[in-house]
Asker: 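Have a look at this one.
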Amino acid sequence: MAEIQLAPKGLEDVYVEKTELSHVDGTNGILVYCGYHIDEVARCSFEEICHLFLHGELPNKAQLLDMDRALKAERAVPAPVLDFVVHAPTDEHPMALLRTGVSMLSGYLPDVDSLEPSTLRKHAIALVAKTATIAAAICRTRSGGKLVEPDMSLGHAANFLKMSRGEKPEDVVARTLDTALVLHADHGFNASTFTARCVISSLSDMVSAMTAAIGSLKGPLHGGANTAVMAMLQEIGSVANVEPWLEKALGEKHKVMGFGHRVYKTIDPRAKHLKRMSKEWGERAGNVKWFEMSEKLESLMMAKKKLNPNVDFYSASTYYAMGIEPEMFTVIFAIARTIGWAAHIIEQLKDNRIMRPEALYVGPMGKTFIPIEKR
Ligand code: ACO
């Protein structure tokens with residue numbers, strides 16, 4: 001029998017599907033959303049990006065108004081889901097709370113098992129809106145505050161901030177979060193998106209696929225890296241300690257969080273935007289220490305390991321300077337990525353075949369069976 005060749009570990013360089021949603025050009029450091037360069041669409045609102053991913057084109061003003069209205073109409077979350085968030089163990093990981101909260105929505109979405117495209121688009125809008133509300137409830141509960149009603153006068157990012165903090169955010173805070181959501185909205189066949197597509201490929205349902213994707217995003221090699229970056233910066237503590245800390249970490253073969261990427265061989269185009277935002281926010285907050293530490297780490301990682309920062313690296317110091325709790329960073333990533341997951345789920349179903357690869361069995365064979373009475 002011919003020797004079976006395994007796919008490369010981690011499916012590196014394996015193309016498993018076609019997509020019209022986002023293109024990651026790792027050699028040139030380019031990210032494209034439905035044909036638009038990320039540097040251009042970074043100027044859009046998150047609502048515009050939701051329309052782009054659900055309809056393949058940027059909205060005109062009337063279409064944007066429709067998307068805004070549709071998202072606002074879906075902000076409310078059923079009381080039992082919010083009760084779960086409020087009464088869950090206080091040390092439960094915010095991403096675990098989000099995962100369970102989103103999973104609970106399946107009991108409340110009309111036609112939850114429908115895979116009909118127009119229903120799926122409705123589910124997508126409902127899940128984008130409600131995920132942000134659940135996330136805000138997690139944030140608010142962690143800070144000991146009472147839950148806040150959605151504010152229909154505010155856009156998606158500003159409303160999330162108000163529901164998280166109990167007060168209307170300054171425009172500059174809302175705009176920064178809006179841009180961060182746009183930058184995190186989709187990114188090719190990353191682990192969580194692939195997870196979502198695997199789940200829907202069995203003709204399951206959108207809530208199941210999203211729930212699984214949130215579980216995948218939680219890990220520190222994926223979306224969980226932004227929380228880990230902040231913990232690392234806090235451990236390092238000062239610009240002066242960056243170099244000795246890094247020497248030790250690399251000497252002990254530790255991974256440095258927020259660096260490296262499977263696809264990008266050059267700077268992650270999203271990191272360029274987030275680096276600028278990190279600097280601006282450090283200056284605005286009157287504390288550039290985290291930015292300066294990050295910049296030093298970036299230059300040392302390039303010199304010592306030839307590794308670039310990824311999207312999670314400068315998002316950590318940006319969010320921290322904006323007053324967001326580090327444990328919530330990955331949840332914010334999830335709020336943004338919900339639209340990407342939804343769009344991929346819909347795309348997978350257009351030309352679906354169940355994902356069913358093979359594993360090469362390397363365990364023992366030919367064992368003698370002994371009945372339970374004799375074992
Ligand atoms: N710090 C130190 N060394 C690293 C890092 C890092 N952050 N990333 C990669 N390397 C080294 C590895 O040790 C390995 O070296 P070796 O060949 O000498 O053993 C080599 O580079 C290749 O690394 P892999 O882990 O095999 O690369 P892979 O493509 O499988 O993983 C990943 C990519 C997960 C992003 C990796 O770079 C990593 O763990 N980074 C830190 C975690 C992180 O920031 N994750 C967020 C990614 S972006 C996102 O998901 C949103």
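None of the values given here were measured: they were computed from a predicted structure. Atoms within each ligand, like the ligands themselves, are counted from 1 in listed order. In this chain, numbering begins with 1 at the start of the sequence shown.
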Asker: Side chain, backbone, both or neither: which part of F313 comes within less than 4.0 Å of ligand 1 when only heavy atoms are counted?
Answerer: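 Under 4.0 Å from ligand 1, F313 contributes no heavy atoms.
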
Asker: Is the number of heavy atoms from other residues, nucleotides or ligands within 6.0 Å of OH (Y15) greater than 12?
Answerer: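 Open: at most 12 neighbouring heavy atoms sit under 6.0 Å from OH of Y15.
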
Asker: How far is atom 11 (C) of ligand 1 from the closest protein heavy atom, and which atom is that?
Answerer: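 Residue, atom and distance for the closest contact: L307 CD1, 4.4 Å.
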
Asker: Please report whether atom 30 (O) of ligand 1 has a protein non-hydrogen atom at a separation of less than 4.0 Å.
Answerer: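 Flag for atom 30 (O) of ligand 1 set to true, protein heavy atom closer than 4.0 Å.
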
Asker: Quick one: does atom 21 (O) of ligand 1 have a protein heavy atom under 4.0 Å from it?
Answerer: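 Within 4.0 Å of atom 21 (O) of ligand 1, no protein heavy atoms are found.
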
Asker: Evaluate D312 for polar contact with ligand 1, using N/O atom pairs at a separation under 3.5 Å.
Answerer: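 It does not: no N or O of D312 is found under 3.5 Å from an N or O of ligand 1.
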
Asker: If you have a sec, work out which protein heavy atom is nearest atom 12 (C) of ligand 1 and how many Å separate them, to one decimal?
Answerer: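 Checking every protein heavy atom, the shortest distance to atom 12 (C) of ligand 1 gives K255 CE, 4.1 Å.
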
Asker: What protein heavy atom sits nearest atom 50 (O) of ligand 1, and how far away is it?
Answerer: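 Ranking protein heavy atoms by distance from atom 50 (O) of ligand 1, first comes H222 ND1, 2.8 Å.
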
Asker: Please report whether atom 4 (C) of ligand 1 has a protein non-hydrogen atom at a separation of less than 4.0 Å.
Answerer: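 Within 4.0 Å of atom 4 (C) of ligand 1, protein heavy atoms are found.
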
Asker: Measure the acute angle between the ring planes of Y264 and H187, then classify it against the limits of 30° and 60° as parallel, tilted or perpendicular.
Answerer: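 Taking H187 first and then Y264, their aromatic rings sit tilted (interplane angle of 30° to 60°).
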
Asker: Using a plain distance cutoff, I'd like to know if L250 has any nitrogen or oxygen under 3.5 Å from a nitrogen or oxygen of ligand 1.
Answerer: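 Checking ligand 1 against L250, no N or O pair falls under 3.5 Å apart.
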
Asker: Enumerate the atoms of ligand 1 whose separation from the nearest heavy atom of V311 is less than 4.0 angstrom.
Answerer: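 Matching atoms, with element in brackets: 51 (C).
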
Asker: More than 12 non-hydrogen atoms from neighbouring residues, nucleotides or ligands closer than 6.0 Å to CD on E92, yes or no?
Answerer: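 Yes.
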
Asker: Consider ligand 1: state whether an atom of it lies below 4.0 angstrom from any non-hydrogen atom of P220.
Answerer: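 A heavy atom of P220 does come that close to ligand 1.
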
Asker: Report the residue from D268, T318, D39 that forms a side chain to side chain donor-acceptor pair (under 3.5 Å) with H273.
Answerer: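 Of all the options given, the one that passes is D39.
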
Asker: Which of the atoms of ligand 1 are close to F333, meaning less than 4.0 Å from one of its heavy atoms?
Answerer: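 Those atoms are 51 (C).
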
Asker: Of the protein's non-hydrogen atoms, which lies at the shortest distance from atom 18 (O) of ligand 1, and what is that distance?
Answerer: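 I find the closest protein heavy atom is K305 NZ, 5.0 Å.
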
Asker: Would a search of protein heavy atoms around atom 14 (C) of ligand 1 find one under 4.0 Å away?
Answerer: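 No, no protein heavy atom sits under 4.0 Å from atom 14 (C) of ligand 1.
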
Asker: Hey, is ligand 1 close enough to R262 that some N/O pair sits below 3.5 Å?
Answerer: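 The answer is yes, given that R262 and ligand 1 share an N or O pair closer than 3.5 Å.
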
Asker: Has N28 got a side-chain atom pairing as donor or acceptor with D25's backbone, closer than 3.5 angstrom?
Answerer: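 No, because the side chain of N28 does not come within donor-acceptor range (under 3.5 Å) of the backbone of D25.
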
Asker: Does the Q63 side chain pair with the main chain of N60, one donor and one acceptor, at a distance under 3.5 Å?
Answerer: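 Yes; at least one donor-acceptor contact below 3.5 Å.
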
Asker: Does anything in residues 244-258 form a side chain to side chain donor-acceptor pair (under 3.5 Å)? List the pairs, not counting sequence neighbours.
Answerer: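 The answer is E235-W245, E247-K304, K248-E252, E252-H254.
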
Asker: Are S192 and W341 linked by a side-chain donor-acceptor pair shorter than 3.5 Å?
Answerer: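 A donor-acceptor contact under 3.5 Å links the two side chains.
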
Asker: Would you list the pairs meeting side chain to side chain donor-acceptor pair (under 3.5 Å) in which at least one residue belongs to residues 133-149, sequence neighbours left out?
Answerer: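 Pairs touching residues 133-149 that pass the test: R142-E325.
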
Asker: Please classify the A228 to ligand 1 contact at 4.0 Å (heavy-atom distances, strictly less than): side chain, backbone, both or neither.
Answerer: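 It is neither part, as no heavy atom is under 4.0 Å.
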
Asker: Please list the nearest protein heavy atom to atom 1 (N) of ligand 1 with its residue and the distance rounded to 0.1 Å.
Answerer: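 Ranked first by proximity to atom 1 (N) of ligand 1 is V256 N, 2.8 Å.
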
Asker: Indicate whether the side chain of Q348 and that of S201 have a donor and an acceptor atom separated by less than 3.5 Å.
Answerer: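 Q348 vs S201: no donor-acceptor pair found between side chains.
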
Asker: For atom 45 (N) of ligand 1, what is the closest protein heavy atom, and at what distance to 0.1 Å?
Answerer: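 I find the closest protein heavy atom is L221 O, 2.9 Å.
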
Asker: Between F313 and H261, does the ring centre distance come in under 6.0 Å?
Answerer: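 No.
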
Asker: So if I count the atoms of ligand 1 from 1 in the order they appear, which ones are less than 4.0 Å from some heavy atom of G258?
Answerer: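 Answer, ordered by atom number: 43 (C), 44 (O).
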
Asker: Of all the non-hydrogen atoms in the protein, which one sits nearest to atom 35 (C) of ligand 1, and at what distance?
Answerer: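 Heavy-atom neighbour on the protein nearest atom 35 (C) of ligand 1: G260 O, 3.6 Å.
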
Asker: Does an N or O from G223, backbone or side chain, lie closer than 3.5 Å to an N or O of ligand 1?
Answerer: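 Between G223 and ligand 1 (N or O atoms, distance only) the closest approach is not under 3.5 Å.
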
Asker: Going by the angle between their ring planes, with limits at 30° and 60°, are F189 and F194 parallel, tilted or perpendicular?
Answerer: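 The arrangement is tilted - the two ring planes meet at 30° to 60°.
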
Asker: Are side-chain N/O atoms of T193 and N190 paired as donor and acceptor at under 3.5 Å?
Answerer: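 Yes, side-chain donor-acceptor contact under 3.5 Å.
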
Asker: So, for atom 27 (O) of ligand 1, does the protein have a heavy atom nearer than 4.0 Å?
Answerer: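 It does not; no protein heavy atom is within 4.0 Å.
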
Asker: Hey, does the side chain of R75 reach the backbone of D151 with a donor-acceptor pair shorter than 3.5 angstrom?
Answerer: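 Checked: pair present.
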
Asker: Does H254, backbone or side chain, put an N or O under 3.5 Å from an N or O of ligand 1?
Answerer: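 No, since none of the N or O atoms of H254 sits under 3.5 Å from an N or O of ligand 1.
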
Asker: Pick one of side chain, backbone, both or neither for how V229 approaches ligand 1, counting any non-hydrogen atom pair under 4.0 Å.
Answerer: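 For V229, no heavy atom sits under 4.0 Å from ligand 1.
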
Asker: Would Y314 and E295 count as having a side-chain donor-acceptor pair, cut-off 3.5 Å?
Answerer: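 No, because no side-chain N or O of Y314 sits under 3.5 Å from a partner of the opposite role on E295.
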
Asker: Please report which non-hydrogen protein atom sits nearest to atom 43 (C) of ligand 1, along with the residue it belongs to and the distance in Å to one decimal place.
Answerer: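 Result: A225 CB, 3.5 Å.
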
